[in-house]
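These values consider heavy atoms only, across backbone and side chains, with no hydrogens, waters or symmetry-generated copies. Quick caveat, the model's predicted, so the values are computed rather than measured. Sequence lines set the chain letters: A, B, ... in the order given, protein chains first and strands last, and positions in each chain run from 1.
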Amino acid sequence: MSRLVLVRREQAVSGGQPLAFLIGIVTALLIGILLLVISGHDPMAVYERMFDSSLGSPRSWSITLNRAVPLGLAGLAVAVAGSMGLWNIGAEGQILAGAIMAAWIARIGEGWPSPILITIMLLASILGGALLGLGPAVAKAQIGVNEIITTLMLNEVALRLLQWLIHGPWKDPESRGFPLAPILPDEARLPDLFERAHWGAVIALIVIALFGLVASRTAWGYELRVAGSSGETAKYAGISLKRKIMTVLVLSGGIAGLAGGIELSGNADRIVEGISAGYGFAGIIVAALALMRPSGVAAVALLFGAVQVGGLSIQTMGVSSSVSTILQALILFGAIGAGVFSKYSIKRVGKEQKSNAGGMA
Amino acid sequence: MVPAIELKGITKRFPGVLANDNVNLTVEEGEIHAVCGENGAGKSTLMKILYGMQPADEGTMNLFGEPHTFNSPNEAIDAGIGMVHQHFMLANQLTVLENVILGAEPTKQGGLIDFDTASKHLEEVGKAYGLTVDPFDLVESLEVGERQRVEIIKVLFRGAKILIFDEPTAVLVPQEVEELFRNMRELKANGATIIFIDHKLEEVLEIADTITVLRQGKTVATVKPADVSATDLAELMVGSELPTPQITDAKISDTIGITLDNVTVLDEDERPIVDAVSLEIRQGEILGIAGVEGNGQRELVGAILGTQKISDGSIFLMGDDISNKSVRSRRENGLGYIPQDRQEEGLLLTAPLWENAALGHQTAKPFSGGWNQWFIDREGSRSQTERIRREFDVRTPNVDVSAHALSGGNQQKLIVGREMVSEPSVLVASHPTRGIDVGAQASVWEQIRQARSNGLATLLISADLDELIGLSDVIVVMFRGRIVAQLNPSEITPRSLGAYMTGATSEENPA
């Protein structure tokens with residue numbers, strides 16, 4: 001009996017990444033055809049719709065971009081912590097905290113000139129997310145409390161706070177009893193970039209690029225990498241782990257908070273419970289698929305956004321949401337998973353092994 | 001008799017390095033064959049080829065007369081070759097039995113693991129080779145020597161007839177080494193063939209039946225231990241006359257580099273682990289600390305470096321009180337450090353050499369600083385690393401390879417170079433030559449000597465008593481956190497020093 005094993009290539013195939021990416025998507029689409037035929041749809045029509053709605057025109061690009069912005073920032077937030085080996089599972093709550101702070105500024109800043117109002121809103125949203133990150137940061141740095149648990153639990157806290165606000169103090173008197181906050185004034189809206197895309201895309205790209213630069217080129221980023229790969233080495237190199245943990249978790253929260261501020265100011269017309277739509281959790285996937293690298297985060301977020309937009313639009317053709325979700329997962333998995341083949345090759349192993357590679361290689 | 005292993009003309013090239021150059025090795029069945037050479041001589045590469053982890057570029061391999069080529073360790077295992085790794089590959093939370101069968105689990109119907117058969121087989125293997133260990137003990141509860149025995153059993157369990165021991169003594173204390181050698185002789189008596197990789201000459205001479213010496217990727221000699229002395233062997237390995245650790249002139253100045261005044265460090269139970277230690281090291285002086293490991297040396301180093309909080313006393317670096325300063329500020333103010341565990345504390349194994357050269361100096365020129373002080377100066381870092389590579393003889397194809405590609409000796413030379421080029425005024429060297437070969441060792445000694453004559457104040461901690469006696473201007477002995485003796489190295493021998501270290505004699509009560 002023969003079996004297949006993955007063998008690491010001595011040298012990565014040059015230009016292999018884009019090629020693997022394409023092959024992966026094509027494979028996923030081929031498998032998807034099977035899925036669509038079984039569920040009774042015309043695969044070509046579905047794919048056409050999927051592409052048209054997400055990447056087929058400037059307008060669809062703009063919709064995709066709007067999705068990619070919170071995904072990218074949430075992904076970056078997770079990746080910032082991840083580059084030091086920390087897991088921020090609280091991006092979802094931090095997005096809400098950012099949105100709450102931005103909404104609060106919009107309430108008290110009535111009549112301020114638009115650029116000033118928006119700037120302060122976004123700064124406040126960073127502060128909001130950072131504040132939510134501060135607790136886990138202090139607990140982790142000072143007494144070593146697992147940040148996964150604290151950040152995760154704070155998601156719930158942020159959500160309850162938001163619910164209380166829109167059911168109580170922030171409830172719109174004209175909402176006829178519905179738990180709705182008032183609609184934001186026009187001055188609090190991020191201006192449009194093109195079609196339906198707003199300036200959030202530019203802000204997100206700058207933030208991601210900035211962090212990429214800081215991480216790869218500065219002494220601070222260097223120390224971050226040292227701390228992430230070996231705590232002992234970092235200690236002896238004069239790097240304070242406590243301080244690094246603090247900064248990283250607070251920064252991570254701030255970036256997620258900014259996603260909430262941009263989402264409110266750019267995409268939503270008022271603050272609602274579902275303002276984040278799970279971006280914080282999707283951000284974990286984005287960061288993991290991007291291998292915690294900022295450059296990867298932007299690309300993965302864009303792909304993720306496009307797939308989400310396409311997946312939503314085919315539901316209007318009668319494709320059930322579960323089929324659409326499987327399709328989305330297939331494409332993401334294919335596109336990113338295939339990258340592994342530029343570094344590894346598949347090899348057929350002749351006879352059956354008495355012992356397998358586990359633990360011995 | 002057909003040899004168990006016959007390697008002929010093995011050549012292996014890596015980018016920029018010829019790791020094995022036409023190597024020949026013949027191992028007879030049932031012998032202990034030592035392969036020795038400096039770090040980087042090509043021992044590991046040769047073993048990786050034999051064990052199927054890497055293919056050879058040229059050459060042939062015969063096992064018991066049959067030609068073989070291995071594409072993976074699994075094929076080598078099937079052919080009866082087993083590797084006892086230097087760094088244990090054991091799961092601490094599992095029992096001995098579970099570790100031994102890991103990856104080769106015997107199963108019964110329904111895919112369940114057949115523990116009964118497994119433990120029976122384990123017992124047979126243990127009996128056949130005279131190795132005993134309780135199969136139901138958790139690995140985490142075992143001593144280092146016992147863990148190694150588990151590694152050996154693991155290999156035997158898979159039917160290995162030829163065992164490769166990769167520097168097995170590096171992790172053991174002397175008593176455990178004796179135990180290991182007993183086990184190896186037992187294995188031999190029961191028909192196993194053993195390849196023993198090492199660079200400790202006394203050990204090789206004690207255990208081996210045949211010795212093959214590699215130097216710079218080539219086989220230079222195959223000898224019988226009876227025909228050579230340790231010095232002969234060392235010269236074969238290095239290819240030249242051997243240096244000894246010795247300092248010549250004394251140019252100790254009056255300026256004090258570092259002062260420890262009554263320094264006390266408490267452990268978790270509030271007991272003093274460093275107990276009121278006072279020391280002074282002047283510029284151009286090497287102060288050696290002798291002591292059995294675990295008598296507070298590590299904590300003392302931590303206190304000087306700033307990773308360990310001191311509960312009492314104070315430390316002065318070039319006259320400035322640094323007792324409450326951060327690690328960074330101490331290092332920026334001229335404190336150099338050669339860590340005792342270079343892989344855990346001294347290097348980023350997956351990062352390129354030039355990033356490693358910046359470790360601990362990342363906030364100073366030429367690694368960063370200048371007009372854009374926030375940024376790492378990549379060009380500056382690279383050229384600094386090139387300088388270290390040149391001046392400290394770090395053998396590497398270039399400064400962009402990652403640190404784990406270097407042999408232990410070259411890693412250590414990189415660390416020593418990194419600390420020395422920053423021109424510290426005080427150096428803490430903790431076991432600076434532990435686990436490296438004689439060539440690299442000589443080079444590290446030479447660097448420390450050089451720095452001393454340039455006025456460096458050095459605190460040297462070492463378990464190698466010859467090194468301590470040879471390099472130090474003055475030796476103090478640490479015992480249970482206290483300094484129990486101050487000795488003149490020219491008047492003592494390793495033996496008398498050993499008596500102080502175990503507390504058998506003290507200055508108040510000389511033997």
Side-chain angles (χ1 to χ4, degrees), chain A residues 1-12 83-85 210-244 291-292 344-361, chain B residues 15 53-54 71-75 77-78 82-83 89-91 99 101-105 154-155 157-159 302 305-307 326-332 335 337 339 341 343-351 355-356 358-364 367-369 372-378 381:
Chain A
M1 206 176 94
S2 70
R3 65 195 178 100
L4 302 174
V5 291
L6 276 184
V7 179
R8 197 184 182 99
R9 294 180 197 271
E10 295 221 340
Q11 220 158 9
S83 62
M84 218 194 118
L210 198 65
F211 182 77
L213 184 74
V214 168
S216 64
R217 294 299 162 111
T218 64
W220 186 86
Y222 170 79
E223 292 188 351
L224 188 66
R225 265 176 294 144
V226 176
S229 51
S230 166
E232 281 300 301
T233 305
K235 234 168 59 184
Y236 287 96
I239 297 167
S240 161
L241 283 181
K242 283 185 181 181
R243 201 177 304 162
K244 276 275 167 315
L291 305 175
M292 304 293 168
Y344 293 85
S345 63
I346 295 184
K347 223 176 118 179
R348 185 184 290 276
V349 174
K351 54 186 163 55
E352 200 184 2
Q353 304 290 323
K354 266 183 283 176
S355 57
N356 69 36
M360 299 298 293
Chain B
M53 290 162 85
Q54 286 168 353
N71 293 312
S72 75
N74 285 328
E75 296 178 27
I77 291 166
D78 286 346
M83 170 89 91
M89 308 208 166
L90 298 172
N99 267 287
I101 62 174
L102 196 66
E105 302 89 351
K154 207 165 114 182
V155 170
F157 190 85
R158 287 160 174 71
L305 231 82
T307 56
S326 68
V327 181
R328 168 166 301 162
S329 104
R330 294 178 197 210
R331 301 209 65 168
E332 284 175 352
L335 182 63
Y337 176 53
D341 185 337
Q343 302 207 337
E344 279 288 311
E345 299 167 356
L347 290 172
L348 291 174
L349 290 177
T350 54
E355 286 198 2
N356 275 286
L359 257 181
H361 310 280
Q362 68 271 14
T363 49
F367 300 107
S368 62
N372 51 354
Q373 54 163 346
W374 293 78
F375 286 81
I376 292 278
D377 178 353
R378 295 188 164 203
S381 307

request  = Evaluate the side-chain proximity of B/Glu345 to A/Lys235: yes if any heavy-atom separation is below 4.5 Å, no if none is.
outcome  = no
query = Where do A/Ala219 and B/Gln362 come nearest, in terms of heavy atoms and distance?
reply = CB-O, 3.9 Å
query = Side chain, backbone, both or neither: which part of B/Leu347 has a non-hydrogen atom closer than 4.5 Å to chain A?
reply = backbone
message = I'd like to know which of A/Leu213, A/Val226, A/Val214 tops the heavy-atom pair count under 4.5 Å against chain B.
response = A/Val226
note = Applying a strict 4.5 Å limit to non-hydrogen atoms, the region of B/Leu305 in contact with chain A is side chain
query = If you round to the nearest 0.5 Å, how far is CG of B/Asn356 from OG1 of A/Thr233?
reply = 8.5 Å
ask   = So, the side chain of B/Tyr337 versus the backbone of A/Ala237: is there a donor-acceptor pair under 3.5 Å, distance only?
value = no
inquiry  = Less than 4.5 Å to any heavy atom of chain A: does that hold for the side chain of B/Glu355, its backbone, both, or neither?
reply    = both
query = Taking all non-hydrogen atoms of both residues, which atom of A/Ser229 and which atom of B/Leu348 are closest, and how far apart?
reply = OG-CD2, 3.0 Å
message = Within the structure provided, determine whether A/Glu232 and B/Asp341 are in side-chain contact (heavy-atom separation under 4.5 Å).
response = no
request  = Would you mind checking which part of A/Ser240 comes under 4.5 Å of any heavy atom in chain B, side chain (CB onward), backbone (N, CA, C, O), both or neither?
outcome  = neither
inquiry  = Which atoms of B/Ala358 are under 4.5 Å from chain A, going by heavy atoms: the side chain, the backbone, both sets, or neither?
reply    = both
ask   = Heavy-atom distance under 4.5 Å to chain A: side chain of B/Arg330, backbone, both or neither?
value = neither
message = Does any part of the side chain of A/Tyr236, heavy atoms only, come nearer than 4.5 Å to the side chain of B/Leu359, both counted from C-beta?
response = no
